[in-house]
Amino acid sequence: QVQLAESGGGLVQAGGSLRLSCAASGRTFRSYAMGWFRQAPGKEREIVAAVSWSGFATYYADSLKGRFTISRGNAKNTVYLQMNSLKPEDTAVYYCAAGDHVVADARRYDLWGQGTQVTVSS
């Protein structure tokens, strides 16, 4: 059974940075694409970024390009989200997910972590 565990969330002032990590564990972890999603109170879950198994293909939400960077660790079972120039509207629970393809649709991802809270104060 594969499990995803996020870490790195917290409270940061506007303009600051955070780096989220997601570690996958389990013997059956295969060549998954990995994605980061976020959900703010009262809003739907939305894609932040996704990366292919190789790390070469990426996808970013248009509104986040230039501020957020997704990357994959050398061991492939870890994915990172570097978030810079954070804004109060970035406040949300951030989720890590694994699926077969680099897509924006959350329904296409099979595995999900429990989420980590990111709060950006003004």
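These numbers come from the heavy atoms of this one structure, side chains and all, not from hydrogens, waters or symmetry mates. Just so we're clear, the structure is a prediction, and the values are computed from it rather than from any experiment.
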Sequence neighbours left out, what passes ring-ring contact (aromatic ring centres under 6.0 Å, His included) with Tyr60? Give chain and number order.
-> none
Decide yes or no on side-chain contact (heavy atoms from CB on, under 4.5 Å) for Arg38 and Leu20, but give the supporting numbers first.
-> CA-CA 12 Å; Arg38 68 183 184 183; Leu20 304 183; over 6 Å; no
According to a 4.5 Å side-chain heavy-atom criterion applied to Ile, Leu, Val, Met, Phe, Trp and Tyr, with indirect links allowed, do Ile47 and Val51 form part of one hydrophobic cluster?
-> no
Do you reckon Phe68 sits in the same ILVMFWY cluster as Val102, going by side-chain contacts under 4.5 Å, direct or chained?
-> no
Tell me, yes or no, whether the heavy-atom count around Arg45 atom CZ, taken from other residues, nucleotides or ligands under 6.0 Å, exceeds 12.
-> yes
Can any side-chain N or O of Glu6 pair as donor or acceptor with the backbone N or O of Gly115 at less than 3.5 Å?
-> yes
Least distance between heavy atoms, Gln82 atom then Asn84 atom | NE2-OD1, 2.9 Å
Please round to the nearest 0.5 Å and tell me the distance separating atom CD of Gln39 and atom CD of Glu44.
-> 8.5 Å
Mind telling me whether Trp112 and Phe37 have parallel, tilted or perpendicular rings, with 30° and 60° as the class edges?
-> tilted
May I ask you to decide if Ser52's main-chain N or O and Arg72's side chain share a donor-acceptor pair within less than 3.5 Å?
-> yes
For the atom pair SG (Cys96) and CD (Gln114), what is the distance rounded to the nearest 0.5 Å?
-> 11.5 Å
What is the distance from atom CG of Leu81 to atom OG1 of Thr116, rounded to the nearest 0.5 Å?
-> 11.0 Å
Joint hydrophobic cluster, Val2 plus Val79, side-chain heavy atoms closer than 4.5 Å = yes
Verify the cluster assignment for Val118 and Trp36: are they in a single hydrophobic cluster under the rule of side-chain heavy atoms below 4.5 Å apart?
-> yes
For Tyr95, all residues meeting ring-ring contact (aromatic ring centres under 6.0 Å, His included), sequence neighbours excluded | none
Side chains of Asp90 and Arg67: does their closest heavy-atom pair fall under 4.5 Å?
-> yes
Which atom names give the shortest non-hydrogen contact between Ser85 and Ser17, and what distance separates them?
-> N-OG, 4.3 Å
Met34 side chain near Leu4 side chain, heavy-atom distance below 4.5 Å = yes
Between Ala40 and Ala92, which heavy-atom pair has the shortest distance, and what is it?
-> N-CB, 3.8 Å
Any sub-3.5 Å donor-acceptor pair from Thr91's side-chain atoms to Val120's backbone N or O?
-> yes
Between the CG atom in Asp100 and the OG atom in Ser31, the distance rounded to the nearest 0.5 Å is 8.0 Å
In terms of hydrophobic clusters joined by side-chain contacts under 4.5 Å, are Tyr80 and Val48 together?
-> no
For residues Tyr109 and Gly99, report the shortest heavy-atom separation together with the two atoms involved.
-> CD2-N, 3.6 Å
